[in-house]
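In what follows, every heavy atom counts, from backbone to side chain, and hydrogens, waters and symmetry copies are set aside. Whatever order the structure lists them in is the order used to number ligands and atoms, beginning at 1.
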Amino acid sequence: MDTASSDSVIKRYYRERAPVYDRVYRYPERRQNLLYLERHVANQFAGRDVLEVAAGTGYWTQFICRKANSILATDVIVEALAQIKLRGGTDTLSTRLVDAYSLDELDQTYTGAFAGLWFSHVPVERRREWLISLQRRLDPGAIVVLLDNSLAQCERIPLSCSDERGNTYQDRLTDSGEIYRVLKNFPTEKELLEATSGLGSGHRYQELEHFWLFKYVVDSPLVQ
Ligand SMILES: C[S@@+](CC[C@H](N)C(=O)[O-])C[C@H]1O[C@@H](n2cnc3c(N)ncnc32)[C@H](O)[C@@H]1O
């Protein structure tokens, strides 16, 4: 089993998974929720210039790019960005290799931010730091939408352990037979509100059977 630091495990795990990652969107029990979310998420970004963090194979990108004014889909894995390009897309879509923890290297600001199935991989102790770094790339009035798995995901992959900071982990088996211990958290509404306190207004948490959705609006430049 691969037990290196959680960040490097996650990167290696998703590098191996990139070609087959989209299977998670074919689980029949998720279909109903996905039908709703594909439309709903895209609508949040109508006419906006969107920064997408940890875009993966671009499953959500393909819907958002049809409504947004522009979208920059970023990920740290070149194999993931290659999958986005295979989808085609619109002339509103561009991609860039960017580490989610190095958003400062982007020189532009955006009117929307989206991260799908990413926040669950952010360690509890880095949540606030990551949200603040995201906010530095956003204009006042920008909308932030985080989408992630609900605890129902553990029916397929049970939690294997937790650490002293409250992070939880799953042992994930890949097609090659390798097992990766992947950090995977399931933040509550209260935790999401705490992590984003002072970072915006109009917070809204929505819980579906298989996913949760959290959004808020950036209302002033960051002073911290
Ligand atoms: C669960 S997948 C989500 C992909 C996509 N957003 C979706 O919802 O289908 C997590 C993604 O995070 C990416 N990732 C892992 N560590 C990262 C990092 N430090 N910076 C940016 N992306 C990262 C992985 O390459 C992977 O594509």
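Comparing G56, S102, G116, A80 by heavy-atom distance to atom 3 (C) of ligand 1, the nearest is G116.
Residue, atom and distance of the protein heavy atom nearest to atom 5 (C) of ligand 1 are A55 O, 3.3 Å. For atom 16 (N) of ligand 1, the closest non-hydrogen atom on the protein side is W118 CZ3, 3.5 Å. When hydrogens are left out, the protein atom nearest atom 19 (N) of ligand 1 is D99 OD1, 3.1 Å; that is the closest non-hydrogen contact. With respect to atom 9 (O) of ligand 1, the closest heavy atom belonging to the protein is Y25 OH, 2.6 Å. Of all protein heavy atoms, the one closest to atom 1 (C) of ligand 1 is Y14 OH, 3.0 Å. Closest protein heavy atom to atom 25 (O) of ligand 1: D75 OD1, 2.7 Å. The protein heavy-atom contact nearest to atom 12 (O) of ligand 1 is A54 CB, 3.4 Å. Residue, atom and distance of the protein heavy atom nearest to atom 23 (C) of ligand 1 are V76 CG1, 3.5 Å.
Every N/O-N/O distance between V53 and ligand 1 stays at or above 3.5 Å. Remark: ligand 1 and T57 share no N or O pair separated by less than 3.5 Å (distance only, no angle test). At under 3.5 Å, not a single nitrogen or oxygen of K11, backbone or side chain, sits near a nitrogen or oxygen of ligand 1. Geometrically, ligand 1 and I77 share no nitrogen or oxygen pair separated by less than 3.5 Å. Residue contacts with ligand 1: A100 is placed with a nitrogen or oxygen under 3.5 Å of a nitrogen or oxygen of the ligand (distance criterion only). In terms of polar-atom proximity, Y59 is not counted as a contact of ligand 1, lacking any N or O under 3.5 Å from an N or O of the ligand.
Ring geometry for Y216 against H203 counts as parallel: the plane angle stays under 30°, on a 0 to 90° scale with 60° as the upper cut. Taking the six-membered ring where the residue is Trp, Y59 and Y25 present parallel rings, their angle staying beneath 30° rather than reaching 60°.
Under a 4.0 angstrom heavy-atom cut-off, V98 registers as being in contact with ligand 1.
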Exercise for the section: Check step by step if salt bridge (Lys or Arg N to Asp or Glu O under 4.0 Å) holds for E16 and K11. Expected result: CA-CA 9 Å; E16 187 177 336; K11 287 176 189 163; over 6 Å; no
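Judged purely by distance below 3.5 Å, without hydrogens or angles, the side chains of Q153 and D148 never pair a donor atom with an acceptor atom. A side-chain donor-acceptor contact under 3.5 Å links Y14 and H121.
Interface atoms of ligand 1 facing I10, defined by a heavy-atom separation under 4.0 Å, are 15 (C), 16 (N). For ligand 1, the atoms lying closer than 4.0 Å to a non-hydrogen atom of H121 are 1 (C).
A distance below 6.0 Å separates the ring centres of W118 and Y101.
Using a 4.0 Å cut-off between charged side-chain N and carboxylate O, R87 and D22 make a salt bridge. Between R156 and E29 there is a salt bridge, since at least one side-chain N of the basic residue sits less than 4.0 Å from a carboxylate O of the acidic one. A salt bridge does not link R137 with D107: none of the charged nitrogens is closer than 4.0 Å to a carboxylate oxygen. The pair R136-E129 fails the salt-bridge criterion, with no side-chain N (NZ, NE, NH1 or NH2) lying under 4.0 Å from an Asp/Glu carboxylate O. With respect to E191 and R127, a salt bridge is recorded, a charged nitrogen being found less than 4.0 Å from a carboxylate O.
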